Protein chains: 4
Amino acid sequence: MTHSGARDRTGGRRPRRHDPGRRIRILDAALDVLVERGMTGMTHRHVAARADVPLGSVTYHFAGLAELQAQAFARFVELQTAVFERLFDDVGTREEFVEVLVDLVHASPARQRSAVLGFELHLAALRDPGLRVLAEAWTRSSQEALARFVGAEAAARLDALLEGMIMHALLATGPRSREAARAAIDPAVERPGPDGFPRTQGEHHVR
Amino acid sequence: MTHSGARDRTGGRRPRRHDPGRRIRILDAALDVLVERGMTGMTHRHVAARADVPLGSVTYHFAGLAELQAQAFARFVELQTAVFERLFDDVGTREEFVEVLVDLVHASPARQRSAVLGFELHLAALRDPGLRVLAEAWTRSSQEALARFVGAEAAARLDALLEGMIMHALLATGPRSREAARAAIDPAVERPGPDGFPRTQGEHHVR
Amino acid sequence: MTHSGARDRTGGRRPRRHDPGRRIRILDAALDVLVERGMTGMTHRHVAARADVPLGSVTYHFAGLAELQAQAFARFVELQTAVFERLFDDVGTREEFVEVLVDLVHASPARQRSAVLGFELHLAALRDPGLRVLAEAWTRSSQEALARFVGAEAAARLDALLEGMIMHALLATGPRSREAARAAIDPAVERPGPDGFPRTQGEHHVR
Amino acid sequence: MTHSGARDRTGGRRPRRHDPGRRIRILDAALDVLVERGMTGMTHRHVAARADVPLGSVTYHFAGLAELQAQAFARFVELQTAVFERLFDDVGTREEFVEVLVDLVHASPARQRSAVLGFELHLAALRDPGLRVLAEAWTRSSQEALARFVGAEAAARLDALLEGMIMHALLATGPRSREAARAAIDPAVERPGPDGFPRTQGEHHVR
DNA sequence: TATGAATGAGGGTTCATTCAT
DNA sequence: GATGAATGAACCCTCATTCAT
């Protein structure tokens, strides 16, 4: 098995001559499949069916399954980074910051989707170095977004706490109370120093 | 063509000796495979090869792949619960408790293994209600172990934090510093009340 | 494949030491399975499940699947011959004879069962000479039973007609009218000669 | 282990040329297998071997074994209907008609083949409603062909008689005498009415 | 004696991938 | 450029049969 010329796993978009939307549609379909059936179910055929394109179209646009997966994860990280950034756009006070984080761990369908994809990425990255850079990029961007409001170390801690809480929330049968979530998150958010809140203003152009 | 149009299957030739304990060995092999190749690689063949038994032996002992997976996860939860319990056997002070938790998030190979299995279980449970009860049992037993030293709510928070940190540690390329880990964990462990530490003494026989 | 010592396909009952009923129960279960799932479904396991005996019990009492099938068919022929004989026990007149035959082609559940088994035997016998003697025995006994009332040639014709009608009746969706059946059968039954009806009296001890 | 934990299937190497007509060849091979090995032997692998195509080719062209069987039976009915029609093309008199029918029950190899297929279809249809319509179509077309020469009720009777005789002929060890067959068939064919023979003239374009 | 354990063949099916069109 | 046909590996699973108990 020669890996059949997949570039560096995330690059190399290849054809794109016309109908450029099709490539994106396939990637989004791949993420849908990933959410619903897991890595095990991520096959050319399932993706093609989901994207409503012929089977050949998937193999045509992507050099192999591994590349399709890598690019799908890349798209996920890209989209998710933007979403995560925007999440804090209206945050002005510490209370608002905490409130957004509490929302974060509550499993709306959209949240659920991205959480599942994130965990799939994490697990896949454990065994595929090519995906590892994506996972790290995602973690870094998350922590950078948090670091607009708390210190770097606190951001890392907070990120870990949120990740664990989200995982627990995913599996919880009954809806978790916001109060419990807030009680967990609030202490992990630093009190604002004399320099106000948020800590750092300005540049948060991720990537 | 033989004497009849009947199914011409000829039976096996060399049945191996009676081998009690084979079931368990298959389950352990299944967990090994799960760690190394993920859910995607968890096939009858890989498991059989890992356990060094014929393919038919795996299908003989387990009614289907789903049952093999479920029982493998069940064995993981059972083993891990005991391990987790024992982790705190020698803990007498708050400092020792924190130290054990810091160890926990540092990725020794054994830790890494159980962490990966735990995350795989979490993800699999999302799509399989039958596994959900196992995942919940695992979470509950973890939190109960922690709750010997901190309150129930704190235990839940601590568990989430640890889970997130372990996942981050799994993916981190360089080794994390113990100090950073301690700085994250320590504040999440309640100060002992007037009733000393640990909170609850005595019986922690997990069943 | 050496046929593993099956006697002459129909003989050789083998153990019968105690619980002699079990062997019969297995054969009857085999016929049940044959009716419901066809030759394709006639497996040791299905038969064992149907007879409610352990799998090993089936392989123990029968030297191989072919022998089980052969003996099951033998039992069918034996039972069916007796049933067919008895069918005409109360027949005294030509009209009664025709009426019994009309009943015969009407698919009561019991009829349906034996018809299916008969056709399965026919088809299986095409490819297995060992079964062919059974099929011939069955045909012969049927025609002999009929020949108590009509001539030998007429019996053969009548038998063929009945067989074809039964097959058609099996597949017919709606219930066939008795009149149509009688209209087909009646002309195929000879008018009684001056020697009365039935033609031959006495010995019909089928063995 | 390669670059990833992904499914490590390597694709095929030497796709053969585009081969229209392969579908049909597979269906014909399936019928051959059905004749020789019965329903029990009708497997993807046997059919593939018979058609001299790779296993994957059979599963590619047919969504499942059931569909392969259904389409094979459909092809049989289609072909056989045409053959049966043509059988009577040169029939002008009642005697010729009877003679053709007598031929019919005599087991030439080609006859044998279609007879076996027909009986297999009958039996399979008993357990598969999807095949039932095919069996009915076949029966109907047979009777319609006969009904060109005799009345509808007589056609049904004649069809049943022929079917039974063919089955008996299939199993008979020695060749049956034509006279016996004629003696059975002739009385079942109506005497031509005043309108001559055949009853209906002209167009017998089946479908 | 009777039965569960064990095994390798083979069952239907899905799949990544290649190639001709 | 884009796609269906084609293929062989591997998938899960069932099976007849043998053997130890």
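Quick note: numbers below take in every heavy atom, side chains included, and nothing from hydrogens, waters or symmetry partners. Just so it is clear: chains get the letters A, B, ... in the order the sequence lines come, proteins before strands, and each one is counted from 1. Bear in mind the structure is a predicted one, so any value in this text is a computation, not a measurement.
- The aromatic rings of C:His122 and C:Phe119 lie perpendicular to each other, with more than 60° between the two planes, well past the 30° mark.
- Stretches of at least 3 consecutive Watson-Crick or G-U wobble pairs, with each checked distance under 3.5 Å, appear in DNA chain F as E:2-21 with F:2-21.
- Residues satisfying the side-chain contact (heavy atoms from CB on, under 4.5 Å) criterion with C:His46, sequence neighbours excluded, are C:Val33, C:Arg37, C:Thr43.
- Between C:Arg75 atom CZ and C:Ile24 atom CD1 the span is 4.5 Å, to the nearest 0.5 Å.
- OP1 or OP2 of F:dA2 has at least one side-chain nitrogen or oxygen of A:Tyr60 nearer than 4.0 Å.
- Of the side-chain N and O atoms in B:His18, none sit less than 4.0 angstrom from OP1 or OP2 of E:dG4.
- Nucleic acid contact class of D:Thr59 (heavy atoms, under 4.0 Å, all strands): base.
- Counting atom types as modelled, D:Arg22 pairs no side-chain N or O with a base atom of F:dA6 as donor and acceptor under 3.5 Å.
- Applying the salt bridge (charged side-chain N to carboxylate O under 4.0 Å, His left out) criterion to C:Arg113, with sequence neighbours excluded, gives C:Asp32.
- Comparing D:Leu55 and C:Gly56 along DNA chain E, the residue whose closest nucleotide (by nearest heavy atom) sits nearer the 5' end is C:Gly56.
- Closest to the side chain of D:Arg45, out of F:dC11, E:dG12, E:dG8, is E:dG12.
- Regarding contacts with the backbone of F:dT3, a side-chain N or O of A:Ser57 is found under 4.0 angstrom from either OP1 or OP2.
- For D:His61 and F:dG4, the NE2 to P distance is 14 Å, given to the nearest whole Å.
- Annotation for D:Glu120 and D:Gly38: closest pair OE2-CA, 3.6 Å, computed over non-hydrogen atoms.
- Contact annotation: D:His44 side-chain N/O to E:dT13 OP1/OP2 distance is under 4.0 Å.
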